[in-house]
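Model, not experiment: these values are computed from the prediction. Letters A, B, ... are given to chains in the order of the sequence lines, protein chains preceding strands, and every chain is numbered from 1.
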Amino acid sequence: MSAPDYRPTVFLPKTDFPMKAGLPEKEPQILAKWQAADLYAQLRAARKGRDKFIYHDGPPYANGDMHIGHALNHILKDAVVRTQSLLGKDVPYVPGWDCHGLPIEWKVEEAYRAKKQNKDEVPAKEFRAECRAYAQHWVNVQAGQLQRLGINGDWKKPYLTMDFASEATIVSELLKFAESGQLYRGAKPVMWSPVEKTALADAEVEYHDITSTQIDVAFEIVEAPNAPELVGAYAVIWTTTPWTIPVNQGIAYSEDVDYICVEHLHPELIQSSQPGQAPAAGKSLKERTKRVIVAAALLEQIAKERMPLGLKTDRVLWRGKGADFAGAVARHPMHKLGGFFATPRPFLPGDFVTTDQGTGLVHMAPDHGEDDFALCKAHGINPVFAVEADGRYRADWLWLGGEAKNVINPNLNAPDGPICSDLKAAGALLSAGPFAHSYPHSWRSKKKVIFRCTPQWFVPMDKPIGPSVALRAPPPHPKNGEDVAVPPQAPLGEGDHAQHGGGADTLRARALAAIAATHFTPDKGRNRIGSMVEGRPDWVLSRQRAWGVPITLFVDRKTGDYLVDKSINQKIIERFKAEGVDAWTPEFARELLGDRVDQYEMITDILDVWFDSGCTHAYVLESGRWPEYSWPADLYLEGSDQHRGWFQSSLLQSCATRGRAPYKAILTHGFTMDASGRKMSKSEGNVINPLDVMKTFGADILRLWALSVDFTEDHRIGDEILKGVADQYRKLRNTFRYLLGALDGFSDAERLPVAEMPALERWVLHRLAVLSGELKAAVNAYDFNRYTSLINDFVQNDLSAFAMDVRKDSLYCDAPTAPTRRAWRTVLDIVFHALTRWLAPVLVFTAEEVWATRYPDAQSVHLLEWPEIDAAWQDAALDKQFTLARKLREEAYLKLEELRRARKVGSFLEARVAITTAHSDRIAALAGLDLAELLLVAEVAITAGDTESLMVEKADLAKCARCWRHLPDVNAETELCGRCDAVVHG
RNA sequence: GGGCCGGUAGCUCAGGGGUUAGAGCACACGCUUGAUAAGCGUGGGGUCGAAGGUUCAAAUCCUUCUCGGCCCA
């Protein structure tokens, strides 16, 4: 006999909300609605007068399509803005772009080259106009892509560092440095490409493996106050850049290293045994023998690899510490040339000297090395500018001056080249041979670069910030052998601040104090930026380029002082506001200076783009152009690479001009790797393009991914991962679908007071209240991974697998007026409102779709605030009861599954559970609960006994044809239980 | 090469000296066919990157190594 079909009498969920999302098609439609309604403006109006959360966006570079790093970065930013807004705060978000700088210049130049045009023949103004147009193009492209990602911001009025008002702000900020004396013109070794005759930024340099000539050169010691016995011995230095020997000015040693003196036979003596080679004519054995000094730890290696025959390692003539070299002086192998080469070469203690390779003694050419420059500067030894921009020695240089070859030419450095030949003739060359290593090359020409001192503008890190001090520039063309003047006010080189800067109000001290006062998420960021600021050299501000903000200074040709005139500065700022960077012309200079114009050198260098970005806080937060903002920011949020970048440029800029950081807190994220944890690169073919992900999965999937990974570390993305995220999304989407279906037709009239609800409903509300607190904590800690997994666990475990499963019976089969069903629907409505709001910052499109499905005429879900959760819903005693009940459920299901495997039952609804326990408290705790209902079984019996047991068996009860429960009160005729009979016939 | 950071199930993540290392997903098997390209249950799956050390006891603390990342050279 077949049961009557009661299906039409059952209240099944009803909704048009589709199970399949179709995000790639649907999201753009939702976005168009937001744009048409100006959601951002609506949100500003809705939050007017609320507590502000000042988030300041770091400007990405306006060059190229959005990549996965941008996507992650902006999703996190958007999540911060949206979650804070959800908490009820007013959170403006003005996106911005970094628009000046080299990469854009390159691209524009490339276009010229493609057209066979010469960039140098294009007027600067025209060239800059093209750069501006190029930047604007990518700003527009990226703005579109970021909006597609669901980033809600002031897209109608973003900030661009190339806005005239921004360029004026940057100049204004620079002039603050000038007016407070925090600028100086100095020299510094920079990466220089002799081929392109220009300085290179780090980003323009790439490293390649090459083979250079390595040489060991002997410097005769002429004075050694701490170890007189060393006079006449030779200090051996090792270098892979022989061309720097003609610019040597000293020798560095390490105070901690052990040094050793041994005998060395002149190479000529060895070569003399070879046929056709003349012996070292006319020299006695004694003359051909040198006492040479190297680090003890390196002796064997040198003897083995570079001087297999010359070095006599078996007889130690002297042993000592680096400190024995204090005050010692050597002479240059070419001292006989006189002039520059005749001056003494002092021994200097350098903490960068190691015994990793070389000889433990390092030759110092302050023109051509950073360590060299710093150490020499600290001892009053200045660069001599022996190598010209084209990479050749100055024509008047005493040794090799006018040498036709560029110093990077391998032939010049070769063992048989002019340098080695001269050193050999002077008896100073102890070895010469090939050496393979990694060496910097120009990104564009692929040619080797050199370190070369050039005049640059600096911000001093360790100069006390006080009244303005006139500064001086070094003479542009020092003569051979002359002492080169350094600015007397020039700050100390890096590494010296510890001794000299302590206690003074310096930029470094201010920056370190500001770091200590800043909140970091994760906290390790403090350590990272702190150690960088502690160790960083002075800030090199100048670039010899076209596309950027000019260093608007006039330098007195006689005194070298730069002009500080507030009224002139004001005129400069005003003109920049009107015309932007093109204002900086000789005509303008004449207008400003009148007859005095020839008295001054107009600086044409432009600013490091990091200075631009360091000023965004002034432009965006302070200028009044975005009145919704105020200074300082509550938060800056960028990738961990910005510890060296924007976090630092902003910090230094602001500390110098305002005495504190422009932010209260910093949030950093790691980098996105491929599925196996490796860096993405075009050549590896492992790049995941966010635009593709949006096309195949949708922006909400990408957002859920970004907010599910541990962004504070490096994290991965790949097909498998995205598939997993999509599965997680489907679960959330289906939960919404179920809620929408279950709440079909729900109205306020149906609501039931919490006090009248069954235990399960009250327990769900309790869970909601607990969850609300946990989610708030996660939001305030920016812990989005925790945020999404808390929601996920709640949906998965508490709702889907438990409460919703249990309450299906009530929802489907109770009378619509039954308090039990009304109670559950009341709770489902509360859950619906909580989940849509909580997930709105994550699944921005889906949340809107869900909201619009239930409330087609309502405003956007994104205008809503944190769900109203009554703290009184928390009920610890109830939670304890349910913890116990769910544990019991778990245990029972283990046994029930056995029963099912044995084919005794199909559905658990057919089974009964009998529990015996000695714990009377457990029985009491479960007393108020309908366990059969919670376990979804026919019946549960708990009895007190001496032992613990849990038995399951098929319950011999009739099945209700409508609700499918196995109950004692099923009418044999109708096959309905009492409840269902009342609903169907009552 | 230097500074800093990281490596827990196939995936995303918990756990930071103390029972047999957890969760969700995925996978396998089963139930249901009234959330149905859905829902529920059960299960398998880990030398906690490797090796030493400290300790009664180590995924956890220390050292070295390895792999990977960011920054710098």
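- The C1' atoms of B:rC13 and B:rG43 are separated by 22 Å, rounded to the nearest whole Å.
- At the heavy-atom level, A:Arg962 lies under 4.0 Å from base atoms of the strands shown.
- Put simply, the side chain of A:Arg528 and the base of B:rC70 share a donor and an acceptor less than 3.5 Å apart.
- Aromatic pair A:Trp705/A:His715: ring centres closer than 6.0 Å.
- With RNA chain B read from its 5' end, the first of the two nearest nucleotides for A:Thr712 and A:Asn797 is the one closest to A:Thr712.
- Within the 6.0 Å centre-distance limit, the rings of A:Tyr636 and A:Trp646 are counted as a close aromatic pair.
- No engagement by A:Trp705 is indicated, since no non-hydrogen atom pair under 4.0 Å with the nucleic acid exists.
- Note on A:Gly741: nothing from the nucleic acid sits closer than 4.0 angstrom, heavy atoms only.
- An aromatic stacking contact between A:Tyr812 and the base of B:rG34 is absent, as defined here by ring centres under 5.5 Å apart and ring planes under 30° from parallel.
- Checked against B:rU32, B:rA35, B:rG34, the side chain of A:Cys813 finds its nearest nucleotide in B:rG34.
- Going from atom NE2 of A:His669 over to atom C1' of B:rC5 covers 16 Å, rounded to whole Å.
- Of the P atoms belonging to B:rG45 and B:rG10, the separation is 12 Å, rounded to the nearest Å.
- Taking the six-membered ring where the residue is Trp, the centroids of A:Phe908 and A:Tyr893 are separated by under 6.0 Å.
- Here A:Phe671 lies in heavy-atom contact (under 4.0 Å) with sugar-phosphate atoms only.
- Applying the ring-ring contact (aromatic ring centres under 6.0 Å, His included) criterion to A:Phe435, with sequence neighbours excluded, gives A:Trp238, A:His437.
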Nucleotide-resolved protein contact map, nucleotides 37-49 of chain B, B/S/- at heavy-atom distance under 4.0 Å: -SSSBBS------

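- Base pairing annotation: B:rC31 forms a Watson-Crick or G-U wobble pair with B:rG39, both donor-acceptor distances under 3.5 Å.
- Here the closest heavy-atom approach between residue A:Ile701 and residue A:Ala726 is recorded as CD1-CA, 4.0 Å.
- Under the Watson-Crick or G-U wobble criterion, with both distances below 3.5 Å, B:rU63 is paired with B:rA51.
- Residue contacts shown for A:Arg678 are limited to sugar-phosphate atoms, with no base heavy atom under 4.0 Å away.
- Looking at residues two or more places apart in sequence or on another chain, you find a salt bridge (charged side-chain N to carboxylate O under 4.0 Å, His left out) between A:Asp523 and A:Arg526.
- Evaluation of the salt bridge (charged side-chain N to carboxylate O under 4.0 Å, His left out) rule for A:Arg979 yields A:Asp809, A:Asp814 as partners, not counting sequence neighbours.
- Under the ring-ring contact (aromatic ring centres under 6.0 Å, His included) criterion, A:Trp824 pairs with no residue, sequence neighbours left out.
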Name the pairs: protein N/O against N/O of nucleotides 12-15 of chain B, kept only if under 3.5 Å.
{"from": "B:rU12", "atom 1": "O2'", "to": "A:Ser708", "atom 2": "O", "distance (Å)": "3.1"}
{"from": "B:rC13", "atom 1": "OP1", "to": "A:Asp710", "atom 2": "N", "distance (Å)": "2.3"}

Start with the C-alpha gap between A:Ser800 and A:Lys731, add the side-chain angles, then the distance that decides, and say whether side-chain hydrogen bond (donor to acceptor under 3.5 Å, both in side chains) holds. CA-CA 9 Å; A:Ser800 187; A:Lys731 180 73 192 183; 2.8 Å; yes

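- Summarising the geometry, the separation between CZ on A:Arg644 and P on B:rG2 is reported as 17 Å, rounded to the nearest angstrom.
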